[in-house]
Every structure is written in structure tokens, then in C-alpha cells.
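Reviewing the structure listed below.
These numbers come from a predicted model, not from an experiment.
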Amino acid sequence: MQTNDAQLLVLSALAGGPLHGYAINAAIARLSGHRLGPGSLYGAMNRLRAKGLIEPAEPHGRRNPVRLTTAGQAELRRGVAAMSQVFEAVTPDRVDYLDRAARSSAGHSYKPLLRDALDIRGGHTVLDLGCGPGTDLAAMAVPGARVIGLDNDPVMTATATERTRPPVEVVRGDVHDLPFGDATIDRVRTDRVLQHVADPARVLAEARRVLRPGGRLVMAEPDWHTLAVDHPVATISAAYTRFITERVVRNAGIGRALARLAADAGFTVPHVVPVTPVFREVVEADRIFGFQRNTARAVAAGHLTPEQAERWLRHLSEEPFLATVTQFVVTADRT
């Protein structure tokens with residue numbers, strides 16, 4: 001079971017019958033892959049007793065087992081159903097994840113700006129760095145333009161090749177060392193790629209090298225330090241954002257740094273546009289943010305306690321939801 005809700009874990013452990021404290025934790029380890037700390041376990045059990053969801057069972061020697069009440073059985077069914085309906089427990093396929101991100105309201109909020117800023121015309125050669133499965137390549141293929149998608153992942157390049165037709169072509173290559181000559185490209189695009197690369201400055205230097213004078217680089221990147229997820233306990237929300245920025249995303253603040261990095265690479269930067277989509281539906285947001293999976297990682301890394309994780313996920317799944325994160329669309333011209 002992929003959850004950090006300590007109370008739900010205890011209820012789940014008792015689904016097979018009465019157990020005492022040590023046996024409850026052993027059952028939790030089998031269900032979730034980890035034991036609860038003593039404070040988390042007995043705190044959860046005390047809260048469940050107070051709610052009337054567990055009760056003492058017949059003692060066995062010196063052991064004092066507990067069992068689910070009828071209300072506890074109903075709460076277990078409700079909790080499991082809610083988790084399965086709201087949060088995605090399994091890490092999605094990478095191609096599917098990128099496709100769904102492009103289709104999301106967040107994708108629709110900034111991708112048209114990216115496309116318009118590129119100002120692709122007939123005769124242009126356009127390079128999409130980190131094209132992934134080719135989700136956006138066809139949209140750049142205006143009449144008379146040549147579009148090249150580049151990615152270093154063989155699965156992505158294979159998928160992009162299957163999905164596209166001339167004048168779109170797909171090549172495998174490293175964004176840090178582009179397989180193109182100097183001044184051979186008219187437009188370069190990056191979309192949520194620089195947050196993951198080893199050396200963003202090197203990538204921008206390569207983009208400038210392959211661009212012709214008068215060429216243009218357009219970038220769209222999030223600033224994960226701006227991730228704001230509403231929760232009544234602000235310190236829990238802040239701890240979750242801090243975990244994302246410190247442990248999940250390699251270049252978490254790349255969005256705000258794009259203009260500076262482009263200027264350092266020798267570009268002129270005429271436009272910086274912040275875009276802040278607002279998520280009001282937790283299911284849609286979870287398909288992008290992976291709340292349950294990342295919360296489990298945050299607990300393992302010590303950024304959240306199991307009790308905080310329980311409060312966090314329960315609120316996200318049951319209460320009115322709101323989350324935002326700001327992306328920056330930056331236009332950089334090669335003079």
C-alpha cells in the first residue's frame with residue numbers, strides 16, 4: 001500500500017483480525033515496505049481509539065490486541081477507496097507523463113506563448129532540444145520549415161520518430177554537445193528540459209553556437225521554489241516544497257535564472273513572461289505532481305514526519321484544493 005497515512009495503515013493492518021502493537025507494525029511493514037516509528041504508531045492508535053474506530057480485543061497472555069470496530073471497517077473501506085481515486089500510486093510511463101503534461105491546463109497555459117515567441121516561418125530550420133516523445137514537433141512544422149527534434153533517450157527518439165513525418169526529423173544527441181555546425185539553425189526551443197540537465201549554461205552556449213545571427217532561442221521552464229500548495233499548516237506545505245527543490249528537481253530555480261543565463265551566454269533577452277497556472281482539481285494536479293509518491297519520498301528523506309504526511313495527503317484528497325507553480329517563458333535573440 002502506497003500511503004503515509006499512519007491511521008489508514010493501522011486500519012489496514014487490522015483488516016485481517018486483532019493484533020497487538022508489535023504485530024501491527026510488522027503487518028504495516030508488509031503492506032507499505034516500512035515500519036512506523038513508535039510515536040507514529042501509538043499516536044495513530046490513540047487517535048483511532050478516540051474516534052471509536054478500534055477497540056480492545058480479548059487479551060492473549062500479557063498482550064493486549066485491538067480490532068476494528070464496525071465504524072473502523074467502514075473508515076478503512078472509505079480511506080482505501082479515496083486513495084485509489086485521488087492519488088496515482090504507480091509511477092507513470094515517461095512517454096505518458098509527458099503527453100499528459102502537454103494536455104493539461106498547465107500545458108495549455110504556456111505552450112501557445114512558446115510557439116508564438118518562436119515566430120517560425122517558411123525557410124526556417126527549427127531545433128527542439130529535449131523533444132521527448134515528439135508531442136510538440138508537428139505543431140512547429142509550418143509550411144516550408146524544417147523541424148528537428150533532438151533527445152538523448154532512445155525510447156523518446158523512437159517514439160517521436162514513429163509519431164512524425166517529414167518535414168519533421170528526429171535525431172539522438174546530447175543537448176550539451178549538439179551534432180550541428182555553427183550558425184546552421186534559425187530557431188531553438190527548450191520546454192521544461194533545462195531543469196533536468198547537468199549544465200544549463202553549457203546548453204545555452206551550444207544553442208547560441210548553432211544559431212544563425214538573427215536567430216532566436218525560446219525557453220519555458222518552471223521555478224519550483226514558487227510551488228505553493230494550500231494547506232492549513234503552512235510549515236507542512238513549505239516542507240514539501242523544500243523537498244521538491246532540494247531533492248527531486250536538479251535545477252529547481254532554473255525558471256528565474258533563464259534571463260541571466262541567456263545574457264551570460266551572449267544573447268539579448270527582449271521578453272520574460274511569467275505564467276502561473278492554477279490547479280483547482282487535485283486529481284489533475286496529482287497527474288503532474290505525483291503527490292503520494294513524492295510525499296513517501298519526503299518522509300523517507302526526513303522532510304516530513306509520517307503524521308505530517310498523513311495530514312497533508314488527507315487534506316489534499318478531502319478538502320478544497322489549490323496549487324500553483326510559476327513557469328517562465330524567455331525569448332533570447334542571437335545578434
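- Using a cutoff of 4.0 Å between basic side-chain nitrogens and carboxylate oxygens, R311 and E318 are not scored as salt-bridged.
- Heavy atoms only, all atoms of each residue included: I185 and L127 are closest at CG2-CB, 3.9 Å.
- Taking the side chain as every heavy atom from C-beta outward, D223 and F328 approach each other to under 4.5 Å.
- The shortest distance between side-chain heavy atoms of F267 and T335 does not fall below 4.5 Å.
- In terms of hydrophobic clustering, with Ile, Leu, Val, Met, Phe, Trp and Tyr side chains grouped at heavy-atom distances under 4.5 Å, V66 and L36 are assigned to a common cluster.
- Look at E55 and R49 and you find no salt bridge, because none of the NZ, NE, NH1 or NH2 atoms lies under 4.0 Å from a carboxylate O.
- Side-chain contact between H20 and N64 is absent, with no heavy-atom pair separated by less than 4.5 Å.
- Residue E206 holds its CD atom at 4.5 Å from CG of L178, rounded to the nearest 0.5 Å.
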Step-by-step side-chain contact (heavy atoms from CB on, under 4.5 Å) determination, V175 to N152: CA-CA 8 Å; V175 294; N152 202 35; over 6 Å; no
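- Taking the ring centre of Y22 as origin, the terminal cationic atom of R35 falls inside the region bounded by 6.0 Å and 45° from the ring axis.
- In this structure, R208 does not pair ionically with D182, as no charged nitrogen and carboxylate oxygen lie closer than 4.0 Å.
- For the atom pair CZ (R334) and CZ (R209), the distance works out to 10.5 Å, reported to the nearest 0.5 Å.
- There is a path of hydrophobic side-chain contacts, each under 4.5 Å, that joins L76 to L19.
- Other residues, nucleotides and ligands contribute over 12 non-hydrogen atoms within 6.0 Å of the CD atom of E246.
- For Y97 (side chain) and I288 (main-chain N/O), a donor-acceptor pair under 3.5 Å exists by modelled atom type.
- Counting heavy atoms from C-beta on, the side chains of R297 and F243 come closer than 4.5 Å.
- Side-chain atoms of R67 do not come within 3.5 Å of backbone N or O of A57 as any donor-acceptor pair.
- A donor-acceptor contact shorter than 3.5 Å links the side chain of H108 to the backbone of R103.
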Working for salt bridge (charged side-chain N to carboxylate O under 4.0 Å, His left out), residues E75 and K51: CA-CA 11 Å; E75 177 65 14; K51 296 175 182 178; over 6 Å; no
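- Salt bridge absent: D119 and R216 never bring a charged side-chain N and a carboxylate O closer than 4.0 Å.
- Pairing each heavy atom of L194 with each of V203, the nearest pair is CD2-CG1, 3.7 Å.
- Linking Ile, Leu, Val, Met, Phe, Trp and Tyr whenever their side-chain heavy atoms come within less than 4.5 Å leaves L322 and V282 in two separate clusters.
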Evaluation steps, side-chain contact (heavy atoms from CB on, under 4.5 Å), between R47 and L53: CA-CA 9 Å; R47 290 190 291 273; L53 301 180; over 6 Å; no
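- With 3.5 Å as the limit, one finds no donor-acceptor pair spanning the side chains of S104 and E284.
- The distance from the CG atom of D128 to the CG atom of D191 is 7.5 Å, given to the nearest 0.5 Å.
- For D153 and R172, the salt-bridge test fails: no basic side-chain N is under 4.0 Å from an acidic carboxylate O.
- The two residues Y240 and G290 have their closest heavy-atom pair at OH-O, 4.3 Å.
- T295 and W312 form a side-chain donor-acceptor contact under 3.5 Å, judged by distance and modelled atom types alone.
- In terms of modelled atom types and a separation under 3.5 Å, the side chain of R247 and the main chain of H303 share no donor-acceptor contact.
- Annotation: side chain of R242 is not in contact with side chain of S237 (no heavy-atom distance under 4.5 Å).
- Rounding to the nearest 0.5 Å places CD1 of I54 at 4.5 Å from CE of M45.
- Side-chain contact annotation: Q7 with E310, donor-acceptor N/O pair under 3.5 Å present.
- With contacts defined as side-chain heavy-atom distances shorter than 4.5 Å, the pair H231/H315 qualifies.
- A ring-centre distance under 6.0 Å is found for F289 and F279.
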Verdict with reasoning, F291 to V229, per side-chain contact (heavy atoms from CB on, under 4.5 Å): CA-CA 10 Å; F291 287 119; V229 184; 4.1 Å; yes
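- Counting only distance, with no hydrogens or angles, the side chain of T190 and the backbone of V193 share no donor-acceptor pair below 3.5 Å.
- Side-chain atoms of R187 come within 3.5 Å of backbone atoms of L118 as a donor-acceptor pair (strictly under, hydrogens ignored).
- A donor-acceptor contact shorter than 3.5 Å links the side chain of E221 to the backbone of Q195.
- Rounded to the nearest 0.5 Å, atoms CG (L217) and OG1 (T268) are 12.0 Å apart.
- Two residues are said to be in side-chain contact when any heavy atoms from C-beta on lie closer than 4.5 Å; R163 and P133 meet this criterion.
- Between I28 and A13, the shortest heavy-atom distance links the atoms CG1-CB, 3.9 Å.
- Clustering ILVMFWY residues whenever any of their side-chain heavy atoms sit less than 4.5 angstrom apart, transitively, puts L114 in a cluster other than the one holding V269.
- Checked options V188, D264, L261; the residue passing with L204 is L261 (criterion: side chain to side chain contact (heavy atoms under 4.5 Å, CB included)).
- One side chain, T326 or T276, offers a donor N or O that lies under 3.5 Å from an acceptor on the other.
- Hydrophobic clustering (ILVMFWY, side-chain heavy atoms < 4.5 Å, transitive): V330 and W224 are in distinct clusters.
- Nearest heavy atom pair, residue T226 against residue R256, reads CG2-NH2, 4.4 Å.
- If you check the side chains of E307 and S40, you find a donor sitting under 3.5 Å from an acceptor.
- Shown are V170, V168, V171; of these, the side chain to side chain contact (heavy atoms under 4.5 Å, CB included) with T161 is made only by V170.
- Counting all heavy atoms, side chain and backbone alike, I254 lies closest to P222 at CG2-O, 3.6 Å.
- T157 and D151 are not linked by any side-chain donor-acceptor pair at a separation below 3.5 angstrom, with hydrogens and angles left out of the test.
- With values rounded to the nearest 0.5 angstrom, E169 atom CD is found 4.5 Å from I148 atom CD1.
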Audit row: F87, V283, side-chain contact (heavy atoms from CB on, under 4.5 Å) steps and yes/no: CA-CA 7 Å; F87 297 118; V283 173; over 6 Å; no
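- In terms of modelled atom types and a separation under 3.5 Å, the side chain of T164 and the main chain of A160 share a donor-acceptor contact.
- R189 has a carboxylate O that lies under 4.0 Å from a charged side-chain N of D136, or vice versa, which qualifies the two as a salt bridge.
- Using a distance-only test at 3.5 Å, with no hydrogens or angles considered, no donor-acceptor pair links the side chain of D186 to the main chain of V126.
- Residues P270 and D333 meet the side-chain proximity criterion, which asks for heavy atoms closer than 4.5 Å.
- Ion pair E319/R314 not flagged as a salt bridge, since none of the NZ, NE, NH1 or NH2 atoms sits closer than 4.0 Å to an Asp/Glu carboxylate oxygen.
- A side-chain N or O of D174 and one of H176 form a donor-acceptor pair less than 3.5 Å apart.
- A salt bridge does not link R94 with D96: every distance from a Lys NZ or Arg NE/NH1/NH2 to an Asp or Glu carboxylate oxygen is 4.0 Å or more.
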